[in-house]
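Beneath this line is the structure, given in structure tokens, with notes to follow.
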Protein chains: 2
Amino acid sequence: MVPMSTGLRERKKLATRSALHLAALQLVAERGLDEVSVDDIAERADVSPRTFFNYFPSKIDAVVGLDPAAPQRQVEAFLSRPADESPVEAMRAVAREQAAEMSENTELWPLRLTVIDAHPAALARLAAAFGESEQVLAAAIGERTGTRVGADAYPALLAGVAAAAMRTSLHRWFAGDFTAALPDLVDETWDLLAAGLPAPR
Amino acid sequence: MVPMSTGLRERKKLATRSALHLAALQLVAERGLDEVSVDDIAERADVSPRTFFNYFPSKIDAVVGLDPAAPQRQVEAFLSRPADESPVEAMRAVAREQAAEMSENTELWPLRLTVIDAHPAALARLAAAFGESEQVLAAAIGERTGTRVGADAYPALLAGVAAAAMRTSLHRWFAGDFTAALPDLVDETWDLLAAGLPAPR
DNA sequence: TGCAAACTTGCATAGAGTGCAATATTCGAC
DNA sequence: GTCGAATATTGCACTCTATGCAAGTTTGCA
């Protein structure tokens with residue numbers, strides 16, 4: 001159960017998914033979102049148009065190409081932080097880890113963010129994905145702090161703030177042509193938050 | 001130019017838009033999102049299916065039914081706050097005003113939020129709308145604080161945090177069956193933010 | 001009253017997205 | 001290696017979304 005790195009079947013699926021995502025990114029970068037059809041993407045990735053929808057529920061999802069397991073991994077990382085850390089500290093540490101991972105593949109995230117930022121529909125889909133992520137994260141925060149998500153403001157707020165922090169950091173990374181170190185940007189952002197968002201200067 | 005409350009033409013357009021939005025809300029509340037087609041919505045609102053798309057770019061937009069001018073009004077409210085207020089104070093005041101407005105019509109927002117919360121696609125669209133709103137708001141914050149949106153983290157972060165605060169407050173309002181006063185929920189949320197998100201208890 | 005601008009509608013069309021059944025591939029046991 | 005079960009791919013048929021365009025209505029205004 002839950003194999004770490006398995007046989008041919010699993011690897012092929014990952015490869016196909018990755019090929020579809022990359023094909024979508026490249027085609028949209030070349031021509032723009034509206035000039036690219038699902039058929040185009042499937043053709044470049046060497047699968048049938050019908051197979052495309054076995055991997056992504058929509059065209060825009062293939063462009064954004066987020067890992068559907070990412071929210072769950074984020075939750076696990078958060079819950080396994082040392083118990084003496086405050087929720088904010090733990091969340092911040094998880095964000096820094098995530099940032100470090102994103103920085104590792106020096107090609108994928110910059111390409112992704114560049115394409116996404118140029119297309120409002122993709123930006124919208126990304127915002128929606130962050131929103132979904134927030135919900136499972138809020139549940140985890142509620143679990144850790146012993147508060148109820150509906151009743152208390154804290155869990156949903158911290159989840160929302162964490163998502164905003166990551167989005168802000170990613171956007172600054174992009175705006176600076178990916179020359180800065182993403183984990184550093186994340187740290188700066190969380191410094192502002194911990195201080196209660198003091199006015200600049 | 002820019003008439004406050006104008007002739008028959010303007011009023012009819014607003015009425016049609018409102019009728020389409022309400023029809024979408026009611027139908028989706030009755031049957032669920034996938035059992036409602038654009039044709040159904042147009043029929044209940046007594047316009048042709050083609051006219052539907054003169055008012056909303058997609059079915060889900062009709063369900064969510066947000067005012068496309070809202071982000072701009074938010075920006076204007078923010079920029080016209082007294083100059084001695086800090087950005088956080090100004091943003092918080094704007095949020096409280098918005099909350100008060102939303103509470104005024106005791107039918108619309110509760111129905112909206114109930115329908116939206118029951119349908120992930122609508123929730124995603126709402127998250128995307130908040131994201132769009134953040135962008136223009138960030139520009140305004142940058143203007144007020146004299147910082148550059150791409151270079152400095154502050155404007156985008158405060159905009160993102162403000163959006164998270166509003167979403168959190170709306171969700172708590174909904175979770176408590178709309179018995180609480182929304183402006184109070186907003187205040188509590190901003191208290192947490194200003195204190196740097198201290199751990200509960 | 002009558003002209004111009006703005007709105008509605010029908011028609012045609014491209015493309016997204018889904019269910020279903022047939023085919024092909026991989027896995028695991030032997 | 002071979003075979004059967006499980007899983008993945010594909011083609012087909014179909015519905016619905018969404019948009020451009022042109023013709024017909026309604027409204028605003030002089």
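Chain letters run A, B, ... following the sequence lines, proteins first, then strands; residues in each count from 1. Just so it is clear, the structure is predicted and the values come from calculations on it, not from any experiment.
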Which nucleotide sits closest to the side chain of B/Lys13: C/dT9, C/dC7, D/dT10? C/dC7

Output yes when at least one side-chain N/O atom of B/Ser48 is less than 4.0 Å from OP1 or OP2 of C/dT8, else no. no

If you measure only the distance, is there a donor-acceptor pair under 3.5 Å linking the side chains of A/Ser169 and A/Thr189? yes

Could you check B/Glu134 against A/Arg167 for salt bridge (Lys or Arg N to Asp or Glu O under 4.0 Å), going step by step and ending with a plain yes or no? CA-CA 11 Å; B/Glu134 278 179 43; A/Arg167 269 182 297 135; 3.0 Å; yes

Atom-pair distance (NZ on B/Lys12; P on D/dT25), nearest Å: 15 Å

Neighbour count above 12 (heavy atom, 6.0 Å) for A/Glu107 CD: no

CD1 on B/Ile41 to OH on B/Tyr55, rounded to 0.5 Å: 15.0 Å

Under 3.5 Å, sequence neighbours excluded: what are the donor-acceptor pairs made by side chains of residues 174-185 of chain A?
| from | atom 1 | to | atom 2 | distance (Å) |
| --- | --- | --- | --- | --- |
| A/Thr179 | OG1 | A/Gly176 | O | 2.8 |

Under the side-chain contact (heavy atoms from CB on, under 4.5 Å) rule, collect the residues that match up with B/Ala15, sequence neighbours excluded. none

List for me each residue that meets salt bridge (charged side-chain N to carboxylate O under 4.0 Å, His left out) alongside A/Glu97, sequence neighbours excluded, and say none if there are none. A/Arg81

Can you name the nearest heavy-atom pair linking B/Ser58 to B/Phe53, along with the distance? CA-CE2, 4.5 Å

When you measure from every atom of DNA chain C, which of residues 16-41 of chain A have a heavy atom less than 4.0 Å away? A/Ser37, A/Val38

Interatomic distance where CZ belongs to B/Arg50 and C1' belongs to D/dT25 [whole Å]: 16 Å

Residue B/Gln26 excluded, over 12 heavy atoms near CD under 6.0 Å: yes

Please list residues of residues 52-67 of chain A whose heavy atoms come under 4.0 Å from any atom in DNA chain D, ordered by number; otherwise none. A/Asn54, A/Tyr55

Within the side chain of A/Thr51, is there an N or O that forms a donor-acceptor pair under 3.5 Å with the backbone of A/Val47? no

All N/O pairs under 3.5 Å across the protein-nucleotides 4-6 of chain D interface:
| from | atom 1 | to | atom 2 | distance (Å) |
| --- | --- | --- | --- | --- |
| D/dA6 | N3 | A/Arg9 | NH2 | 3.4 |

